[in-house]
Amino acid sequence: NPYGAMQGGLIAAAVDNTLGPLSMLVAPPNVTRRLEITYSRPATLDMDYITVSARLASRDGRWLEFRADVRDSGGTRLARAKARHWILEE
């Protein structure tokens with residue numbers, strides 16, 4: 001964008017692109033019902049890359065809850081996310 005930072009929606013897309021395949025390994029088929037992102041710092045042009053790390057936080061019946069962190073190449077957290085997924089079929 002004009003400020004030399006990655007737009008928040010693109011960071012959210014990177015998180016969603018990580019959580020989707022992970023969720024399909026955990027319990028296919030399922031869908032994202034809610035995705036929440038909290039931004040801490042901007043991803044800027046001087047960063048070599050960003051990394052999204054995700055994990056399954058809990059499972060309650062047909063509900064899955066995931067957590068994710070977005071970090072720069074130095075390990076500084078740029079954003080964190082939580083997502084709630086619904087398993088379509090048992």
Side-chain angles (χ1 to χ4, degrees):
N1 67 24
Y3 302 105
M6 189 175 187
Q7 292 177 307
L10 293 176
I11 293 172
V15 169
D16 194 37
N17 202 40
T18 301
L19 291 175
L22 174 60
S23 75
M24 295 305 284
L25 291 172
V26 172
N30 67 79
V31 295
T32 305
R33 294 292 298 266
R34 184 180 68 224
L35 175 61
E36 297 178 28
I37 309 273
T38 302
Y39 302 96
S40 304
R41 298 177 177 271
T44 57
L45 293 174
D46 61 333
M47 296 176 183
D48 294 332
Y49 56 87
I50 62 170
T51 301
V52 180
S53 301
R55 66 179 172 79
L56 175 67
S58 67
R59 180 176 179 170
D60 182 15
R62 292 173 69 181
W63 289 107
L64 304 170
E65 187 152 323
F66 294 94
R67 300 274 193 257
D69 282 326
V70 180
R71 297 186 182 272
D72 68 12
S73 57
T76 301
R77 187 170 69 191
L78 307 175
R80 60 190 158 121
K82 63 180 178 177
R84 192 164 168 100
H85 289 222
W86 175 251
I87 300 169
L88 296 175
E89 300 173 9
E90 286 289 339

Within residues 4-35 or reaching into it, pairs that qualify as ring-ring contact (aromatic ring centres under 6.0 Å, His included) - sequence neighbours excluded: none

Any pair counted as salt bridge (charged side-chain N to carboxylate O under 4.0 Å, His left out), so long as it reaches residues 40-57, sequence neighbours left out: none

Excluding sequence neighbours, so at least two apart, what forms side-chain contact (heavy atoms from CB on, under 4.5 Å) with W86? V31, R33, R62, W63, L88

Can you list, pair by pair, the side-chain donor-acceptor contacts under 3.5 Å of residues 7-19, counting residues two or more places apart and other chains?
residue	atom	partner	partner atom	Å
T18	OG1	A14	O	3.0

Atom pairs and distances, donor-acceptor, side-chain atoms in residues 64-83, under 3.5 Å, two or more places apart:
residue	atom	partner	partner atom	Å
E65	OE2	R67	NH1	2.7
E65	OE2	R67	NH2	3.1
R71	NH1	G75	O	2.9
D72	OD1	G74	N	2.9
D72	OD1	G75	N	2.9
D72	OD1	T76	N	2.9

Counting only heavy atoms not in N1 (residues, nucleotides, ligands), do more than 12 fall under 6.0 Å from its CG? yes

To the nearest 0.5 Å, what is the distance between CG on D60 and CZ on R84? 7.5 Å

Quick check: closest heavy atoms across M47 and A43, and the distance to 0.1 Å? SD-CA, 3.6 Å

Is there a side-chain contact between V26 and H85, using heavy atoms and a 4.5 Å cut-off? no

Kindly indicate, with the supporting measurements, whether the criterion side chain to side chain contact (heavy atoms under 4.5 Å, CB included) is fulfilled by M6 and I50. CA-CA 10 Å; M6 189 175 187; I50 62 170; 4.0 Å; yes

What residues, two or more places apart in sequence or in another chain, satisfy side chain to side chain donor-acceptor pair (under 3.5 Å) together with S53? none

